[in-house]
Amino acid sequence: MTPFSLLSSSLLHPTPNSPRPLPPPPPPPPLSVCKLGFYRSLLESASCSKCPPHSVARQPGATACSCEDGFYKIDSDPPNMACTRPPSPPRNAISNVNETSVFLEWSAPTEAGGRKDVRYNILCQRVLPEGRGSEECGANVRFLPRGLGLSNTSVMVADLQSHTNYSFLLEAVNGVSELAKDHAKQYVSLNVTTNQAAPSPVSVIRKGHTEKSSIALSWAEPDRPNGIILEYEIKYFEKEQDSSYTIIKSKETEMVVDGLKPSSVYIFQVRARTSAGYGAFSRRFEFQTSPYLTATSERAQASIIAVAITLALVLLAVVAGFLLSGRRCGYSKAKQDPEEEKMHFHNGHIKFPGVRTYIDPLTYEDPNQAVHEFTQEIDVSFISIERIIGAGEFGEVCSGPLRLPGKREIQVAIKTLKAGYTEQQRRDFLWEASIMGQFNHPNIIRLEGVVTKSKPVMIITEYMENGSLDTFLKKNDSQFTVIQLVGMLRGIASGMRYLSDMGYVHRDLAARNILVNSNLVSKVSDFGLSRVLEDDPEAAYTTRGGKIPIRWTAPEAIAYRKFTSASDVWSYGVVMWEVMSYGERPYWEMSNQDVIKAIEESYRLPGPMDCPEALYHLMMDCWQRDRSSRPKFDEIVCLLDKLIRNPSSLKKLVNSSHRVSNLLVEHANVQGDCSAGSQTVGEWLDSIKMGRYTELFMGGGTLRRVGVNLAGHQKKIITSIQEMRVHMNSTSSTVNM
Ligand code: AMP
């Protein structure tokens, strides 16, 4: 009996004392049987619902719909939700290699499978040499923030092995991927080769036996040497006297530092060097010398004096030998700062304030000997020239494969020396190879060798698929993420840190002299005539003679040829600006004379469009007038690393509405406050002593022209500003900018 039949029978037979019965409720509509394609879930008693997308009800009267083939549902999906499927693979995956870390970035899949819970998994495989397949990377490799279940579209993979091939599989998954066992995995793979990393910092320095004038130090090898440690550098200075310091070298993990003052506190730092370059210095350790002479040292003194006299004689003979042979090994006079030139001789240790490992080929009487010493001769039969890729000062630049016996074939760039050269031109051409051959760093263009025994004479370097950085950026305007741009800048800074550690001053650092490979790794190149810069079309003659690329060069180098690593830092700031503005010409169409004048008057380039404030701040620091206040390359690398590790620090952009209101910003205003480039047009006109024209600009059509261009490119703004200048000249006055 149904509940309805019970109810109806009680109405037919009322009991004598029962209250007046309620009117019967209307009978429910008769339940229809859901037809094909419709369903009624058990809890829902009213009408039938149409099966949600990608599901079917194959029988009439269905209480649920089942998913079409290839579509799935999980328990927590509501009955009226469509059946879904796994997503398509991630798109536009790119890698950015930084020594032994790789930054991977991708875009969301085109097809999310109908769900909102797309996540990404990264599978890391190490490719084994000689085609022996690959193996999983193992637990030592770190993924930041994690390798599985990522909701954002980038990851940093750290602690990989150096010089190793890796394959990364990026997989997009969603809530139903687990159910789709038959569904082929939706991967996209990225192959990368890591570079060589510098050693990690030495973590602790211990003090041993201490005397009145000496302290014995010892330390442990860095946790991650990343190669064979060639030597250590010990840097020390008296506390609070850090303007002058001494650096000594040791092949061991201990050293007695002597020649110190009694009862004085000294600061010590140690760093290790491998073939990849120097690691960072350890943190500072403070140790004090004793106030008195110990018995041991008194006894030792007599013998030390005797040994010292002998050593002094030997050293004298060695120095005399050097001078007579006209060679200064490991020491380039041409590249020295006078204040850095002093060398100390202490009990047999030669102390160099700074590293002097680069040898200027000019110090060789016979330049062919430098070529012989620093480069490898390649037999021309191993090279095939396939394409012309550019024009160098001495001849065409080509590309093609290099097949050295017993080695994997690689693509190389081939610089040729055109026929009919003079002996001087041959020497100048090969000079670049003798410099490049001394460098070994992932961000310095690598020399493969030279061809000098046949004609044409050639310089063979690694091939950089994306060519020079300025052209590459112009071609790909606005195509990169900030992290990719900072990755390129980090590479350049790391290469420059290596060069400055080697004691080499580049003098022509600019985006046109940076090359980019297919992994977006940027490398410093053009060591050719960095001393005289004859080949740089940007170089202009200065009043003191010599050609200088004015827009990239520090004021002291323009004014009195004071080229140092600090002037390279200034140029690096300009390269940062070029990169962040996608290859824009620094100072646009301003003349070289106007640039010199503006810099002299403390004006600086404004922050490029969409430039993170932190980067603009760094640029401004590189453009400090006082060269000792500019950051060092190791500090720049350190800062860029921090920004890459913490991308949210790059979110705050230079205030755009103010950024474009002035051609150049006043340097003094910006110190300590990046947004201080914010002047009104009126303030800017005041600052260039044109305040009396504010009204004219505000009222007339000229400002409107600027206003229209504010949304466009900065080049246009300058054109407008130049128009303003013309306009003003014709109204009454001479504009001095
Ligand atoms: P350079 O004489 O070094 O200024 O080279 C002239 C041009 O050749 C450059 O601007 C690049 O476009 C190209 N080039 C030089 N070296 C390489 C290289 N290693 N890989 C790819 N392109 C290169």
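Remember, predicted model here, so these are calculated numbers, not experimental data. Just so you know, ligand 1 is whichever comes first in the structure, and atom 1 is the first atom listed for that ligand.
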Numbering the atoms of ligand 1 from 1, which are under 4.0 Å from a heavy atom of [X]?
X: I389; answer: 21 (C), 22 (N), 23 (C)
X: A413; answer: 17 (C), 18 (C), 19 (N), 20 (N)
X: T461; answer: 19 (N)
X: G392; answer: 2 (O)
X: V397; answer: 5 (O), 6 (C), 8 (O), 14 (N), 15 (C)
X: Y463; answer: 20 (N), 21 (C)
X: K415; answer: 1 (P), 2 (O), 3 (O)

Any heavy atom of [X] sitting closer than 4.0 Å to ligand 1?
X: R512; value: no
X: A391; value: yes
X: E465; value: no

Task: Residues forming a ring-ring contact (aromatic ring centres under 6.0 Å, His included) with F439, sequence neighbours excluded - done: Y504, F527
Can you find a side-chain donor-acceptor pair between [X] and [Y] that sits under 3.5 Å?
X: N440; Y: R446; value: no
X: T452; Y: E377; value: yes
X: E578; Y: W552; value: yes

Open item on the list: Checking contacts here: is it the side chain or the backbone of D526 that comes within 4.0 Å of ligand 1, counting heavy atoms only? Could be both or neither.
Closed with: side chain
Open item on the list: Just to be sure I read this right, does ligand 1 sit under 4.0 Å from the backbone of N513, its side chain, both, or neither, counting only heavy atoms?
Closed with: neither
Open item on the list: Looking at S500, is its backbone amide N or carbonyl O close enough to the side chain of H506 to form a donor-acceptor pair, meaning the two atoms are under 3.5 Å apart?
Closed with: no
Open item on the list: Looking at D634 and R271, is any side-chain nitrogen of the basic one under 4.0 Å from a carboxylate oxygen of the acidic one?
Closed with: no
Open item on the list: Tell me the closest heavy-atom pair linking Q438 and Y498, and the distance in Å.
Closed with: O-OH, 3.9 Å
Task: Distance flag, aromatic centroids of Y587 and Y603, threshold under 6.0 Å - done: no
